[in-house]
Amino acid sequence: MSNYLEELNPEQHQAVITTKGPLLALAGAGTGKTKMLTTRVVHILEQKLAWPSNILAVTFTNKAAREMQARKTKLTDCTGIWL
């Protein structure tokens, strides 16, 4: 579980570990935004900064939502997250 940060590029890593305040991630298609967002949710849970029931992750496509759910399942066994 501790290696989930190692799979990120430097920009994604910075976005994941930035947990104070809001974060805006602007990037083109295929740049890893969904991966970053899902990993950030897992990081927030791992750092115990929020309860799973306090997290809502929203995306604009069903494809991205399915990908987020699959990644979340791979990275953590937490339940109660709304994706």
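Atom set for the values below is all heavy atoms of this structure, side chains included, hydrogens, waters and symmetry mates excluded.
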Side-chain donor-acceptor pairs under 3.5 Å in residues 18-30, sequence neighbours left out?
{"unit_1": "T18", "atom_1": "OG1", "unit_2": "Q14", "atom_2": "O", "d": "2.6"}
{"unit_1": "T18", "atom_1": "OG1", "unit_2": "Q14", "atom_2": "NE2", "d": "3.3"}

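Here the rule is side-chain contact (heavy atoms from CB on, under 4.5 Å) with N9, and of H13, E7, E11 only E11 fits it.
For the atom pair CD1 of I44 and CD1 of I55, the computed distance is 5.5 Å after rounding to the nearest 0.5 Å. From T38, atom OG1 reaches atom CE of M68 across 4.5 Å, with rounding to the nearest 0.5 Å.
Between L45 and W51, the shortest heavy-atom distance links the atoms CD2-C, 4.0 Å.
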Query raised in the report: Do L8 and K35 pass the side chain to side chain contact (heavy atoms under 4.5 Å, CB included) test, and can you show the C-alpha distance, the side-chain angles, and the key distance before you say yes or no?
Result: CA-CA 8 Å; L8 304 172; K35 179 179 183 177; 3.9 Å; yes
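For E67, the side chain to side chain donor-acceptor pair (under 3.5 Å) partners are R71, not counting sequence neighbours.
Note on L5: it clusters hydrophobically with M36, by side-chain heavy-atom contacts below 4.5 Å among ILVMFWY residues. V41 and L49 fall within a single hydrophobic cluster, where Ile, Leu, Val, Met, Phe, Trp and Tyr side chains are chained together by heavy-atom contacts under 4.5 Å.
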